[in-house]
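The block underneath contains the structure these notes are about, expressed in structure tokens.
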Amino acid sequence: DTSLAEVNSFSPSVPISPSSMINQYKFEDGPELRDLFITVDDPESHITAIETFITYRVVTKTSRGEFDSSEYEVRRRYQDFLWLKNKLEEAHPTLIIPPLPEKFIMKGMVERFSDEFIETRRKALHKFLNRIADHPTLTFNEDFKIFLTAQAWELSSHKKQGPGLLSRMGQTVRAVASSVRGAVKNRPEMFTEMNNYMETFSQKINLLDKIAHRIYKEERDYCSEMKEYGPIYTLWSASEEDVADSLKGIASSIDRCCRATEKRMAGLSENLLPILHEYLLYSEILMGVLKRRDQIQGELDSKVDALANKKTEKDLFSEEIGKLEDKVERANNALKADWDRWKQNMQWDMRSTFTNVAENNLHYYEECLATWESFLASQTVDLHVEEDSEDRP
Amino acid sequence: MEDCLAKKMEITVSEAEKRTGRNAMNIQETYTAYLIETRAVESQSEGQCAPVDSLWRRYSEFELLRNYLSVTYPHIVVPPLPEKRADFVWHKLSADNMDPDFVERRRIGLENFLLRVASHPVLCQDKIFYAFLRQEGGWKEMVNETGFQLKADSRLKALNATFRVKNPDKRFTELKHYSDELQSVISHLLRVRARVADRLYGVYKVHGNYGRVFSEWSAIEKEMGDGLQSAGHHMDVYAASIDDILEEEEHYADQLKEYLFYAEALRAVCRKHELMQYDLEMAAQDLTSKKQQCEELATGTVRTFSLKGMTSKLFGQETPEQREAKLKVLEEQIQEGEEQLKSKNLEGRDFVKSAWADIERFKEQKNHDLKEALISYAVMQISMCKKGIQVWTNAKECFSKM
């Protein structure tokens with residue numbers, strides 16, 4: 001049974017196609033240097049009086065000293081992942097935090113608890129954690145470690161500590177306020193370039209996402225028409241004698257091509273569509289990172305402006321300004337480094353994904369070619385047989 | 001195949017031209033005229049080609065020719081004309097009769113029709129057909145002078161009327177079923193094929209959008225730019241390739257359509273036989289009843305109820321002279337009837353014999369043509385796959401260089 005929803009099952013030992021595995025994460029320092037391996041699998045439904053939700057099993061294997069054990073198994077729900085992302089953003093405002101799959105959106109006809117939705121989300125969550133693990137800075141984040149290792153009750157109590165909702169809201173308000181005030185004025189050229197790049201990039205990714213979905217839809221419609229087309233030849237063969245075999249041959253060839261189309265579609269939905277979606281999310285993330293950098297710079301700029309107006313308390317101000325200047329420099333450097341890293345990964349992802357698309361199409365056409373060539377061969381064989389039998393008395 | 005016309009003469013429908021003229025009701029109309037060129041086939045002469053003769057005909061004249069042939073040779077499966085109106089179209093194809101693509105496909109179909117007739121052992125010898133090819137003026141008058149319209153059985157037009165034949169010929173009944181099935185399956189096939197073509201068109205054309213977006217994206221990339229740009233170009237090539245592919249497939253559809261219409265011609269032969277059989281049975285029935293009347297008059301016994309019998313019982317018998325007169329008339333009628341029945345029987349047997357010979361010929365032709373059509377379909381698919389492999393191999397190379 002090759003229906004799309006069942007292509008991937010829930011069991012952790014399901015063979016993931018080699019190309020999608022390569023897609024999942026790039027080994028930055030080479031596989032030999034990796035010391036943290038994470039898998040997300042085994043979605044389970046939990047029903048309580050108030051709500052129904054899904055938890056995923058997160059298994060971590062590591063050789064790092066900071067970890068008390070070499071293997072951990074915990075269960076996490078989407079809320080927990082969201083919490084982790086927020087903590088990382090707080091701690092590293094100008095680092096590029098990998099994209100998290102969205103909260104449930106009424107997109108098309110996918111139901112919140114459909115197998116397809118759950119599987120898509122699981123894969124995305126898996127990628128999310130692994131990208132964090134790959135990140136030179138984020139991988140050592142304390143909240144990340146707790147996320148991977150803490151039991152459920154430990155995690156909830158840890159979540160309750162730290163800046164609460166109100167203080168986070170306060171930060172956001174301040175951030176919005178400062179961003180309005182000419183944070184763009186003193187922006188280094190490099191970051192303006194990044195901004196411009198991201199604007200165009202996100203436009204193009206948006207378009208590519210739409211195109212890819214459209215192609216998927218057209219292929220699906222083509223496939224369903226082919227499913228009706230083939231059997232008509234079989235029906236026809238029932239009224240014929242001489243031509244019956246040829247007609248049946250056409251019917252079975254069409255059928256084979258139809259199944260090849262389904263494989264092609266599966267390739268799209270497993271590789272290209274998720275990657276384009278991720279980079280759509282990345283576009284938003286990057287715009288956000290650039291904004292936060294601007295805000296940090298804005299804090300510095302506004303303090304500098306304030307200093308210019310105040311003649312007294314210069315010393316106090318200069319110390320604060322010094323600290324802010326450091327903060328800006330650290331933020332800029334972090335972002336620059338992360339940007340370069342992101343671009344490299346993006347290039348790698350795009351290259352491998354589109355190459356995979358091309359390969360999928362090649363396999364499709366090669367399979368169809370083989371099908372039709374074998375049909376043709378069967379027809380010419382028949383002709384020779386007929387000719388021979390005519391020669392005999 | 002003996003010396004059919006197709007072997008002695010080259011026939012082509014080489015051009016189509018839009019014309020305007022006044023029709024029978026003096027209304028201005030636009031129509032298409034087709035140029036028929038004929039040339040005698042020379043046997044290996046020294047570069048001397050026979051001169052080409054040509055004349056123009058419009059579709060309605062082709063129709064007239066075919067009607068004439070159908071009526072004059074009722075036992076022959078007469079080759080069909082290409083469709084009058086564009087049918088089984090998918091969105092890119094026009095349903096307009098004046099559309100140049102439609103006209104072109106019709107031109108090919110008309111040429112095919114003439115070649116079919118010219119290679120038919122019986123039809124190719126027909127003088128009206130020869131005149132259609134060679135005699136520009138006065139052809140219409142010539143056809144009408146044959147009086148074939150009078151021979152046409154108006155009952156054939158009533159397609160749904162049933163004539164209860166007591167002893168149907170099983171072979172013809174089976175053949176009629178076959179022709180119905182063939183018609184139904186081919187029209188279904190053509191309809192779905194058109195939808196498949198539509199969908200395939202969509203798949204290819206959407207890929208064309210990649211080209212533009214890749215090109216715009218490549219403008220902001222330094223390392224990926226070249227790969228993206230060239231990949232985009234290949235996507236454009238891919239999207240454009242579907243036009244030729246589907247145009248070729250239309251020829252396949254036209255081959256199937258020919259046999260869709262052939263099924264009608266086959267059915268017509270069965271129908272004519274059915275009517276013949278019906279007339280025969282009616283004539284035999286009539287003869288039997290007349291013979292019975294004769295006997296009753298002669299012996300004076302009334303075996304069957306008849307109004308005459310009743311009235312003669314009520315109002316008295318006829319005079320012997322009246323009876324004599326009646327008997328004589330009846331005997332004459334019976335004699336006539338018997339002769340007619342004999343000739344009808346003969347006619348019927350001849351019809352069945354020659355019809356069946358042509359049906360066998362048709363069957364062989366159909367099997368051969370269908371097989372070839374299916375093979376050509378496979379060849380088209382192979383060519384499409386090869387083109388696809390070419391494009392995606394190139395695209396893959398570009399992507400891998402991103």
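A, B, ... follow the sequence lines: proteins, then strands. Residue 1 opens every chain.
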Fill in the blank from the handout: Highest number of heavy-atom pairs under 4.5 Å with chain B among A/I205, A/T200, A/V357 belongs to A/T200
Practice task
Please look at B/L228 and chain A and tell me whether the side chain, the backbone, both or neither of the residue comes under 4.5 angstrom of a heavy atom of that chain.
Solution key: neither
Problem - Pair A/Y364 + B/W392: ring centers closer than 6.0 Å - result: no
Exercise for the section: State whether the number of non-hydrogen atoms from other residues, nucleotides or ligands found under 6.0 Å of B/E397 atom CD is greater than 12. Expected result: no
Exercise for the section: Establish, from distance only, whether the side-chain atoms of B/H233 and B/N394 form a donor-acceptor pair under 3.5 Å. Expected result: no
Handout entry: Under 4.5 Å from any heavy atom of chain B - which part of A/K343
Key = side chain
Problem - Part of B/K366 lying under 4.5 Å from any heavy atom of chain A - result: side chain
Exercise for the section: Under 4.5 Å, counting heavy-atom pairs only, tell me which of A/L369, A/N196, A/L376, A/T371 racks up the most with chain B. Expected result: A/L369
Handout entry: For A/F201 against B/I220, the heavy-atom pair lying closest together
Key = N-CD1, 3.7 Å
Completion exercise
Hits for ring-ring contact (aromatic ring centres under 6.0 Å, His included) against A/F375, two or more places apart or cross-chain, chain-then-number order -> none
Completion exercise
Ranked by heavy-atom pairs below 4.5 Å to chain B, first place among A/M346, A/E367, A/H363, A/Q203 goes to A/M346
Practice task
Go through the atoms of A/I215 and report whether side chain, backbone, both or neither lie under 4.5 Å from a heavy atom of chain B.
Solution key: both
Exercise for the section: Answer with side chain, backbone, both or neither: which region of B/Y210 has an atom nearer than 4.5 Å to a non-hydrogen atom of chain A? Expected result: both
Handout entry: ring-ring contact (aromatic ring centres under 6.0 Å, His included) against A/W236, all qualifying residues, sequence neighbours excluded
Key = none
Problem - For chain B, the option from A/I250, A/N360, A/L207 that forms the most heavy-atom pairs under 4.5 Å - result: A/I250
